Amino acid sequence: MNNQPSKPYKRHTVTAALPYANGPIHVGHLAGVYVPADIYVRYLRLKGEDVIYICGSDEHGVPITIKARQEGVSPQQIVDKYHHLIKKSFKEFGISFDVYSRTSAPVHHETAASIFKTMFEKGAFIEKDSEQYYDEENKQFLADRYITGTCPHCGYEKAYGDQCENCGTSLSPDELINPRSMLSGNKPVLKKTRHWYLPLNDHEPMLRQWILESHKNDWKPNVYGQCKSWIDQGLQPRAVTRDLDWGVKLPLEGTEGKVLYVWFDAPIGYISATREWGEAHGKDWEKYWKDPESKLVHFIGKDNIVFHCIIFPVMLHAEGSYILPENVPANEFLNLEGDKISTSRNWAVWLHEYLQDFPGKQDVLRYVLCAAAPETKDNDFTWKDFQARNNNELLAIFGNFVNRTLVLTHKYFDGRVPKAGQLTDADREALESLKLFPDIIGKNIEQYRFREALAQMMNLARLGNRYLTEAEPWKIYKENPGRVQTVLNICLKLCAGMALLSEPFLPNTAKKLQQMLNLKARAWNEAGQTELLAPGHQINEAELLFEKIEDAQIKAQVNKLLEIRKNNNQEQVTESVKAPVNFDEFSKMDIRVATILEAEKVAKTKKLMKIRVDSGLDQRTVVSGIAEHFEPEALIGKKVLLLANLEPRKIKGIESHGMLLMAGNKDGALAFVIPEEGFENGSVIS
RNA sequence: GGCGGGGUAGCUCAGGUGGUUAGAGCGUCGGAUUCAUAACCCGAAGGUCACGGGUUCAACUCCCGUCCCCGCUACCA
């Protein structure tokens with residue numbers, strides 16, 4: 001990460017991951033992607049660089065069509081709702097996109113279709129036919145999520161084609177017993193369909209050279225390692241089309257009902273957004289994507305590494321005229337109060353709610369999220385930490401130094417910048433240190449070390465506090481007002497430096513401070529210079545930059561989360577009640593007491609145990625997913641309940657005849673279920 | 001199970017081609033101070049650098065093994 005190639009770039013193309021338009025933005029998104037990217041581009045702008053910051057809503061894909069169905073509205077209505085909510089909250093929060101577009105925009109459909117077409121004409125795809133479930137009444141192929149049926153594992157009747165919500169198992173549609181189309185309720189039929197695949201494997205030499213060799217030292221370890229892992233495991237062709245009516249239509253004859261797979265069209269959204277910006281501002285957008293002197297950087301979360309480091313670059317490379325990203329600084333995940341953030345479980349701090357609950361405190365959240373950004377490993381957001389960082393750092397160190405300086409300037413010199421006299425060693429030291437900060441902070445930002453950059457920015461304020469305290473102007477004013485002039489002159493210079501250097505991190509605070517100092521906006525490199533404020537310059541009234549956040553406010557937020565946690569636990573209980581069965585259905589089950597004779601772990605699995613049982617009728621082999629909970633030796637001789645007439649099934653090459661019945665609690669622990677006294681093998685449960 | 005990332009003070013994190021007393025911020029405790037939103041400033045306590053082996057004159061830093069957390073992946077009848 002340290003050896004930045006010193007290639008000179010003429011311009012910067014910075015993208016932030018497109019938020020999926022099926023929910024609002026939360027602190028995890030901000031800390032991982034939008035805040036770091038925003039700091040980066042604000043810094044580049046202050047350096048006078050040519051930079052464009054691109055984002056937009058990702059609005060295609062099956063989950064949005066599902067959500068639309070559930071709510072009885074069109075997919076467009078869903079994405080409209082979230083697109084506007086997201087766009088508005090970003091704007092209010094101060095994420096300074098040059099353009100925030102959306103993938104349902106006509107310019108995106110055109111761009112994505114055209115890129116597909118170019119690739120198609122260059123022979124970048126392979127075509128393959130396969131059989132997929134089709135709803136004859138609605139005349140359409142069914143996405144995995146649109147097929148429902150009985151879960152082959154737990155018997156839950158409303159399992160989806162990709163996952164059973166009851167037992168959490170991931171499925172494929174052909175595993176479902178008695179599959180039904182969610183559109184018509186009919187039994188779907190298998191029908192042949194044609195799809196286009198991107199042969200990622202053909203591009204392996206390019207990826208090896210580009211990532212493994214030329215970016216070995218400047219990509220983050222998590223990103224580089226993940227890419228290496230994927231490349232070494234061998235890449236597979238990946239379908240780029242789907243049978244769906246929500247998305248970018250294929251620009252080929254005779255392909256009605258087919259759209260680009262969402263992962264293919266989404267990253268192209270960066271390009272179409274740039275095009276939209278270029279057309280609106282009369283700028284040549286293509287330079288930002290095609291000129292090798294443009295530096296392309298993708299800010300994303302770790303879940304997106306493969307798309308931005310492998311798949312999208314392969315697309316760009318196959319298209320032929322595009323540049324590849326110079327870096328992809330992916331962050332890890334942010335947890336909330338110890339638990340994973342979850343949109344569906346409402347376990348999140350939502351940006352639009354934060355903006356309501358803490359009006360005018362955008363910079364506080366920016367500060368906290370940057371200081372605790374998950375740069376090298378997952379991190380935890382807590383309200384207590386939020387409060388502490390505001391009260392003990394922003395307010396006590398940054399705000400306090402500015403306030404002390406301005407109050408003293410007004411008190412002694414009527415708000416006019418005093419003239420510096422003879423400099424002492426301490427004075428010179430302070431000014432020398434100030435000069436170093438633009439470079440120190442800037443270098444850290446350029447290397448995507450935002451936490452360290454922010455800490456350095458705060459060190460400038462610490463330096464100011466120490467200098468001021470040691471100089472003690474309030475003590476010496478009477479006998480030596482000339483000395484006080486020099487001290488405050490230097491303190492004001494430090495404040496002026498802070499007013500510029502804090503801008504990428506705390507843009508609203510920086511602006512406020514610049515207004516208080518009556519300072520015109522300057523370039524980044526001027527921050528270290530000492531003549532920003534001329535003697536005699538009139539400054540404005542001192543206002544507080546930050547206010548204390550009281551315990552009550554924090555308590556309210558914590559309580560809100562506790563309430564959500566409580567609701568989630570209750571919902572889990574009610575949701576897991578299965579559909580009613582009648583007695584006949586129940587009596588089909590042949591459940592018997594059995595004894596475990598042998599048990600061994602199945603090789604190369606985490607959960608599977610191969611178990612030999614005596615069922616009273618016979619001895620048989622059962623494969624059971626309990627290996628995480630028990631040691632094989634501990635099982636031998638144990639009495640268990642056996643579902644004896646479950647259809648045999650091969651698991652990992654082993655034929656399993658039946659199923660062991662276990663009790664499982666909400667923590668995921670398992671326990672045996674057996675008769676109280678030693679009933680003999682074969683005893684029937686009814 | 002495979003692959004990747006991580007495991008360093010109460011909390012959030014730095015660090016090192018191996019080399020004297022392992023660093024910072026916040027928190028805690030003590031002192032000093034009053035210009036300042038009980039804030040600032042000074043000082044202290046606090047770490048077997050996940051665990052076990054090995055290489056070495058010397059390892060937190062290199063090698064092997066184990067455990068734990070996160071992600072991808074296989075798998076869950």
Side-chain angles (χ1 to χ4, degrees), chain A residues 151-155 164 167-171 175 177 220-233 301-306 330 332-333 335 340 368 371-382 384-385 388-389 391-397 399-412 449 451-452 454-456 458-459 461-462 464-475 477 484 487-488 491 542 544-549 601-609 622-628 643 646-652 656-661:
Chain A
C151 173
H153 307 225
C154 69
C164 172
C167 64
T169 305
S170 56
L171 302 168
E175 289 181 280
I177 299 161
K220 294 172 69 160
N222 57 341
V223 177
Y224 182 87
Q226 188 68 55
C227 291
K228 185 171 189 316
S229 164
W230 272 72
I231 294 169
D232 287 347
Q233 274 173 41
K302 67 173 160 184
D303 52 333
N304 250 328
I305 290 174
V306 157
E332 302 282 310
F333 287 155
N335 293 326
K340 234 176 268 195
V368 172
E375 280 178 11
T376 53
K377 62 178 176 200
D378 290 358
N379 210 338
D380 199 26
F381 176 93
T382 65
K384 195 169 162 255
D385 182 61
R389 288 197 188 270
N391 293 354
N392 305 332
E393 297 181 28
L394 278 180
L395 187 153
I397 296 166
N400 191 33
F401 173 61
V402 169
N403 190 237
R404 297 169 81 187
T405 300
L406 297 203
V407 165
L408 288 170
T409 303
H410 281 288
K411 180 168 176 179
Y412 295 136
R449 292 153 57 140
R451 283 188 312 215
E452 178 62 19
L454 180 68
Q456 288 296 341
M458 291 299 285
N459 276 346
R462 289 191 180 94
N465 275 318
R466 190 177 317 119
Y467 171 78
L468 181 57
T469 300
E470 282 166 5
E472 297 183 305
W474 49 91
K475 265 193 181 168
Y477 181 70
V484 173
V487 170
L488 284 180
C491 284
L544 297 178
L545 288 175
F546 304 100
E547 57 186 27
K548 201 164 181 186
I549 292 175
K601 285 188 80 162
V602 179
K604 296 192 177 183
T605 69
K606 200 192 295 188
K607 298 184 179 176
L608 296 187
M609 191 89 82
V622 174
V623 178
S624 179
I626 60 172
E628 284 184 306
L643 176 56
L646 187 66
E647 293 178 346
R649 179 156 175 142
K650 261 199 174 178
I651 302 157
K652 275 275 160 186
S656 177
H657 299 268
M659 171 173 168
L660 302 190
L661 303 187

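Protein chains get the first letters and strands the later ones, always in sequence-line order, with residue 1 at the start of each. Bear in mind that the values here come from a model prediction, so they are computed numbers and not experimental data.
For the residue pair Asn459(A) / Arg462(A), a side-chain donor-acceptor distance below 3.5 Å is found, with atom types taken as modelled.
In this structure, Asn400(A) atom CG and U34(B) atom C1' are separated by 12 Å, rounded to whole Å. Remark: P of G6(B) and CD of Glu375(A) are 14 Å apart, rounded to the nearest angstrom. One interatomic measurement links the two molecules: CG of Leu468(A) to C1' of U33(B), which rounds to 12 Å at whole-angstrom precision. We find that CD of Gln456(A) is positioned 18 Å from P of C13(B), with the value rounded to whole Å. Regarding Lys302(A), its NZ atom lies at a distance of 6 Å from the P atom of G71(B), rounded to whole Å. Lys228(A) places its NZ atom 10 Å from the C1' atom of G4(B), with the value rounded to the nearest Å. Whole-Å rounding puts the Tyr412(A) OH to C35(B) C1' distance at 6 Å. Protein atom CG of Asn379(A) is 12 Å distant from nucleotide atom P of G7(B), rounded to whole Å.
Nearest heavy atoms, Asn379(A) versus Ala373(A): ND2-O, 4.0 Å. Taking all atoms of both residues into account, the shortest heavy-atom contact from Trp474(A) to Thr469(A) is CH2-CA, 3.9 Å.
No engagement by Ala455(A) is indicated, since no non-hydrogen atom pair under 4.0 Å with the nucleic acid exists. Within the nucleic acid shown, Phe546(A) comes within 4.0 Å of at least one base atom, counting heavy atoms only. No engagement by Thr382(A) is indicated, since no non-hydrogen atom pair under 4.0 Å with the nucleic acid exists. Residue contacts shown for Lys411(A) are limited to sugar-phosphate atoms, with no base heavy atom under 4.0 Å away. Heavy atoms of Asp378(A) sit under 4.0 angstrom from primed sugar atoms or phosphate atoms, though from no base atom. Within 4.0 Å (heavy atoms only), Leu406(A) reaches no atom of the nucleic acid at all. Nucleic acid contact class of Ile397(A) (heavy atoms, under 4.0 Å, all strands): sugar-phosphate only. Among the protein residues, Lys384(A) comes within range of no part of the nucleic acid, since none of its heavy atoms lies under 4.0 Å from any strand.
Distances from the side chain of Pro221(A) to the nucleotides G27(B), C35(B), G6(B) place G6(B) closest. Closest contact between the side chain of Asn392(A) and the listed nucleotides C40(B), U34(B), C26(B) involves C26(B). Proximity note for Asn222(A) (side chain, C-beta onward) versus C70(B), G5(B), C26(B): the nearest is G5(B). In the set C3(B), C40(B), U12(B), C3(B) carries the atom at the smallest distance from any side-chain atom of Ser229(A). If you check C41(B), C13(B), C40(B) against the side chain of Arg404(A), the one that comes closest is C40(B). Comparing C72(B), C26(B), U37(B) by their closest approach to the side chain of Glu393(A) singles out C26(B). The listed nucleotides are C3(B), C41(B), A39(B); the one nearest the side chain of Asn465(A) is C41(B).
Phosphate proximity of C42(B) to Arg466(A): present, with a side-chain N or O under 4.0 Å from OP1 or OP2. Using a 4.0 Å cut-off, no side-chain N or O of Asn335(A) falls inside it from OP1 or OP2 of C70(B). Residue Lys548(A) has no polar side-chain atom (N or O) positioned under 4.0 Å from OP1 or OP2 of A38(B). The shortest distance between the side-chain N/O atoms of Thr376(A) and the OP1/OP2 oxygens of A14(B) is below 4.0 Å. Distances shorter than 4.0 Å separate some side-chain N or O of Lys377(A) from OP1 or OP2 on U8(B). Side-chain nitrogen and oxygen atoms of Arg451(A) include at least one within less than 4.0 Å of the OP1 or OP2 phosphate oxygen of C13(B). When the side-chain nitrogen and oxygen atoms of Asn403(A) are compared with OP1 and OP2 of A39(B), none of them lie within a distance under 4.0 Å.
The same atom, P, is picked in G15(B) and in A45(B); the two are 25 Å apart, to the nearest Å. The separation of G2(B) from U20(B), taken at their C1' atoms, amounts to 44 Å, rounded to a whole angstrom. One C1' atom belongs to C57(B), the other to C41(B), and the distance between them is 45 Å to the nearest Å. Taking atom P in both U28(B) and G71(B), the straight-line distance is 33 Å, to the nearest Å. Comparing A39(B) with G5(B), their P atoms sit 43 Å apart, to the nearest whole Å. One P atom belongs to C62(B), the other to C49(B), and the distance between them is 15 Å to the nearest Å. For the C1' atom pair drawn from U66(B) and A24(B), the interatomic distance equals 32 Å after rounding to whole Å. Only the C1' atoms considered, U34(B) is 15 Å distant from C42(B), to the nearest whole Å.
Side-chain atoms of Asn465(A) come within 3.5 Å of backbone atoms of Ile397(A) as a donor-acceptor pair (strictly under, hydrogens ignored).
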Query - Trace of the side-chain contact (heavy atoms from CB on, under 4.5 Å) decision for Leu408(A) with Tyr477(A) - result: CA-CA 11 Å; Leu408(A) 288 170; Tyr477(A) 181 70; over 6 Å; no
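Nearest-nucleotide assignment on RNA chain B puts the 5′-proximal partner with Arg462(A), out of Arg462(A) and Leu544(A). Along RNA chain B, the nucleotide nearest to Asp380(A) and the one nearest to Lys475(A) differ in position, and the one closer to the 5' end is contacted by Asp380(A).
With respect to Glu332(A) and Lys302(A), a salt bridge is recorded, a charged nitrogen being found less than 4.0 Å from a carboxylate O. Looking at Arg449(A) and Glu452(A), no side-chain N of the basic residue comes within less than 4.0 Å of a carboxylate O on the acidic one, giving no salt bridge.
The line from CD of Glu393(A) to CG of Asn400(A) is 13.5 Å long, rounded to the nearest 0.5 Å. Here CG of Asp380(A) is found 14.5 Å from CZ of Phe333(A). Values are rounded to the nearest 0.5 Å.
Side-chain contact between Leu545(A) and Asn403(A) is absent, with no heavy atoms from C-beta onward closer than 4.5 Å. Put simply, the side chain of Leu488(A) does not reach to within 4.5 Å of the side chain of Lys411(A), judged on heavy atoms.
In RNA chain B, runs of at least 3 consecutive Watson-Crick or G-U pairs, each pair with both distances below 3.5 Å, span B:1-7 with B:67-73, B:10-13 with B:23-26, B:28-31 with B:41-44, B:50-54 with B:62-66.
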